[in-house]
Amino acid sequence: MEVEIEGFEQIRRQIAELGNKKIEERALKAGAEYLKAKLEAEVPVDDGVYKRGIVVTKRGKRYIVHTGKVPHAHLVEFGRSGGSSKYVDKNGVTRTVKFGPTAPNPVVARTYESEQNQIMRVIGEEVRRALNL
């Protein structure tokens, strides 16, 4: 699960026109780190895999905030219908597990929507700080 902020590409191009790649990278990373911190605060658990699994990764010229190490993040975000699953236990016995439906809790979408303007401010502040403006 990843978040891509609209308008970042335009900002990235504008920063790139300044000719300083370090400023561009620091600004975009600051925005991504801000979003990561907000997501960690909004995750519906106090600790655990989900909270620890939110990471910032650099891919090319982009910084991606994602839950790549959280195998159940999509189930929290989008919910699931009830059902059952079969597995083989350590004794070789096939067992069936039944589970009920889970309502969606769109943590990523909700956090992004509420914070996108602040993310842009964080990026702008980092550029101004780097340029001593």
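All values derive from a computational prediction rather than experimental measurement. Values below: all heavy atoms of this structure, side chains included; hydrogens, waters and symmetry mates excluded.
When all heavy atoms are compared, the tightest approach of Pro71 to Val49 is CD-CG1, 4.4 Å. The two atoms that bring Tyr63 and Ala32 nearest to each other are CB-CB, 3.8 Å, heavy atoms only.
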Could you walk me through whether Val93 and Val88 pass the side-chain contact (heavy atoms from CB on, under 4.5 Å) test, one step at a time? CA-CA 5 Å; Val93 177; Val88 177; over 6 Å; no
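When each of Met120, Arg121, Gln116 is paired with Gln118, the side-chain contact (heavy atoms from CB on, under 4.5 Å) condition holds for Arg121 and for no other. Looking at Val122, Val65, Leu28, Val56 one by one, the single match for side-chain contact (heavy atoms from CB on, under 4.5 Å) with Glu33 turns out to be Val56.
Put simply, OH on Tyr34 and CD1 on Ile123 are 11.5 Å apart, with the number rounded to the nearest 0.5 Å. Separating the CZ atom in Arg80 from the OG1 atom in Thr102 is a distance of 4.0 Å, to the nearest 0.5 Å. Here the CD1 atom belonging to Ile23 is positioned 12.5 Å from the CZ atom belonging to Arg128, to the nearest 0.5 angstrom.
Sorted by first then second residue, the salt bridge (Lys or Arg N to Asp or Glu O under 4.0 Å) pairs that include residues 100-116, not counting sequence neighbours, number zero. Counting only residues at least two apart or on different chains, the salt bridge (Lys or Arg N to Asp or Glu O under 4.0 Å) pairs with a member in residues 91-102 are Asp89-Arg95.
Between the Glu77 side chain and the Val107 main chain, a donor and an acceptor come within less than 3.5 Å of each other. Using modelled atom types, one side-chain atom of Ser114 and one backbone atom of Thr111 make a donor-acceptor pair closer than 3.5 Å.
Applying the salt bridge (charged side-chain N to carboxylate O under 4.0 Å, His left out) test to Glu40 and every residue at least two apart in sequence or in another chain returns Lys36. Judged as a salt bridge (charged side-chain N to carboxylate O under 4.0 Å, His left out), and not counting sequence neighbours, the contacts of Lys58 are Glu25. Evaluation of the side-chain contact (heavy atoms from CB on, under 4.5 Å) rule for Val43 yields Val45, Tyr50, Lys51, Ile54 as partners, not counting sequence neighbours. For Glu126, the salt bridge (charged side-chain N to carboxylate O under 4.0 Å, His left out) partners at least two apart in sequence or on another chain are Arg26, Arg129.
Between Pro44 and Val76, the closest side-chain pair of non-hydrogen atoms falls below 4.5 Å. Contact of the Pro106 side chain with the Phe78 side chain is not registered, since no non-hydrogen atoms from C-beta on lie closer than 4.5 Å.
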